Amino acid sequence: MAVKGQGQDLIQEAGAQQAGALAFVVADDHPMVREALAAALRGGFEGARIAFAGTLTETRTAIEAAPDTDLLVLDLDMPGMLGLAGLAALRAAHPALPIAIVSASTNSAAMRQAIEMEAAGFIPKLAAADKFLDAVRAILSGAVYLPDEARDEALTLRDRDLAQRAAQLTPQQHRVLSLLAEGMANKLIAYEMQISEPTVKAHVTEILRKLGVTSRTQAVILAQRLALEPVSKPVPMGSED
C-alpha cells in the first residue's frame, strides 16, 4: 500500500483489468480511509479498477491518467482543496465526471452546496459499507445522493438559498472567498493566488454580488456558515451493530 507523501507513487491502480470493470479514483489524504473505501468498492464491484490520490494535484493527475474513470470519490479536506473550492475546480475541469463527496462534515448547508455545485452525492464518512455502496450504486445509476438532514424538507429556506447563491461562484471566486474567510487582505490573496491585486478586487466585487451582500464581513459570515467543520479523520465503512 502506498503511503502519504510518496507523490506520484501514491497514484495506483488495483484490481483486475478486465473489460467492463468500473474505474474509480479514491481521493483522500489518510491512507487508512483510502484503503477502507477501496475495500468497500472492490467488495461491491467485481474487478473494480481503483486509483488513489492524496492531494488535489494528485487527484487531477489520477483523472488525467484514467479518462475512463466512472466515479471520483472525493474528500474535501485534503491538501490543496480549500474545501468546496477544490470541488469547484474539479467540476469545471471535468464537467462530465460524477463526483461523490465522502466527508466527515455534518454541515447540512455545505452538503447541499456541494450538490448545488453539481456533485453527484454527499456520503457521510462514517456510513457503513453497505450504505456507502448503496449510495455509490445510486449515483452510478444517475441519481443524486444526499443524507436525510440535507434534503429540501430538512434545510431552512435561508440555507437552501445560500447554497444556491454560493454555487454560482467560479472556482477562482471560491478560492478567494476561502482566503477571505482566513482573514487575508487583497494583497496577500493576490500573492497566494499569483494574480494581480485589481483581479482580486474584481473577484471580491463579484462574490459580494452573487452572495447578495454588501461587505467583505458579510461575505465571510456566509462563508463560515457554509464551512466544513475541522474534524478528525475517522476510518469509515464500519459495521452497524
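All residue numbers refer to positions in the sequence shown, counting from 1. These numbers were taken from a predicted model, which means no experiment stands behind them.
Atom-to-atom distance recorded for R225:CZ and L162:CG is 7.0 Å, nearest 0.5 angstrom. Interatomic distance, NE2 of H203 versus CG of L208, reported as 13.0 Å (0.5 Å rounding). Rounded to the nearest 0.5 angstrom, E58 CD and I63 CD1 are separated by 12.0 Å. Here CZ of R175 is found 12.0 Å from OG1 of T170. Values are rounded to the nearest 0.5 Å. Put simply, OG1 on T55 and CG on D28 are 11.5 Å apart, with the number rounded to the nearest 0.5 Å. Rounding to the nearest 0.5 angstrom, the gap separating the CZ atom in F24 from the CG atom in L71 is 6.0 Å.
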Side chain to side chain contact (heavy atoms under 4.5 Å, CB included) between I50 and R42, intermediate numbers included: CA-CA 8 Å; I50 303 173; R42 293 187 192 108; 3.7 Å; yes
Side chain to side chain contact (heavy atoms under 4.5 Å, CB included) between V25 and V73, worked out: CA-CA 6 Å; V25 172; V73 178; over 6 Å; no
Derivation of the side chain to side chain contact (heavy atoms under 4.5 Å, CB included) call for M193 and Q172: CA-CA 9 Å; M193 296 181 62; Q172 285 281 77; 3.2 Å; yes
Audit row: R60, E64, salt bridge (charged side-chain N to carboxylate O under 4.0 Å, His left out) steps and yes/no: CA-CA 6 Å; R60 287 173 167 150; E64 290 166 3; over 6 Å; no
Intermediate values then yes/no, side chain to side chain donor-acceptor pair (under 3.5 Å), R216 and N186: CA-CA 11 Å; R216 293 164 65 106; N186 286 354; 2.5 Å; yes
Full working for side chain to side chain contact (heavy atoms under 4.5 Å, CB included) between T61 and T59: CA-CA 5 Å; T61 301; T59 301; over 6 Å; no
Side chain to side chain donor-acceptor pair (under 3.5 Å) assessment of E182 paired with S178: CA-CA 7 Å; E182 292 180 12; S178 296; over 6 Å; no
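Considering all non-hydrogen atoms of both residues, A120 and I115 come closest at C-CD1, 4.3 Å. In plain terms, the two heavy atoms of Q218 and V213 that are nearest each other are OE1-CB, 3.5 Å. T69 approaches L72 most closely through the heavy-atom pair CG2-N, 4.4 Å. Contact record, A62 with A51: CB-CB, 4.4 Å, taken as the closest heavy-atom pair. Summarising the geometry of L169 relative to K210, their closest heavy-atom pair is CD2-CD, 3.7 Å, with the distance given to 0.1 Å. The shortest non-hydrogen separation linking A21 to G47 is CB-O, 3.0 Å.
Contact annotation: the side chain of L56 approaches that of L90 to within less than 4.5 Å [non-hydrogen atoms, C-beta and beyond]. Using a 4.5 Å heavy-atom cutoff, the side chains of V220 and Q224 are in contact. For the pair L22/R49, no side-chain contact is recorded, criterion being any heavy-atom separation below 4.5 Å from C-beta on. Side-chain contact between S103 and D77 is absent, with no heavy atoms from C-beta onward closer than 4.5 Å. Under the 4.5 Å side-chain criterion, counting only non-hydrogen atoms from C-beta, K187 is not in contact with V200.
For E118, the CD atom sits in a loose shell: 12 or fewer heavy atoms of surrounding residues, nucleotides or ligands are nearer than 6.0 Å.
A donor-acceptor pair under 3.5 Å links the side-chain atoms of H174 to the main chain of A166, judged by distance alone.
A salt bridge does not link R34 to D75: none of the charged side-chain nitrogens sits closer than 4.0 Å to a carboxylate oxygen. A salt bridge is absent between E116 and R165: the closest approach of a Lys/Arg side-chain nitrogen to an acidic carboxylate oxygen does not fall below 4.0 angstrom. A salt bridge links R137 with D134: at least one charged nitrogen is closer than 4.0 Å to a carboxylate oxygen.
In the hydrophobic clustering of ILVMFWY residues, with side-chain heavy atoms under 4.5 Å counting as a link, Y191 and V204 come out apart. In terms of hydrophobic clustering, with Ile, Leu, Val, Met, Phe, Trp and Tyr side chains grouped at heavy-atom distances under 4.5 Å, L82 and V102 are assigned to different clusters. Transitive grouping of hydrophobic side chains (ILVMFWY, heavy atoms separated by less than 4.5 Å) brings L76 and V144 into a common cluster. Criterion: ILVMFWY side-chain heavy atoms under 4.5 Å apart, direct or through other members. Under it, L188 and V176 are part of a common hydrophobic cluster.
Under the ring pair (Phe, Tyr, Trp, His ring centres under 6.0 Å) criterion, Y145 pairs with no residue, sequence neighbours left out. Legend: residues meeting side-chain hydrogen bond (donor to acceptor under 3.5 Å, both in side chains) with T205, ordered by chain and number and at least two apart, are absent.
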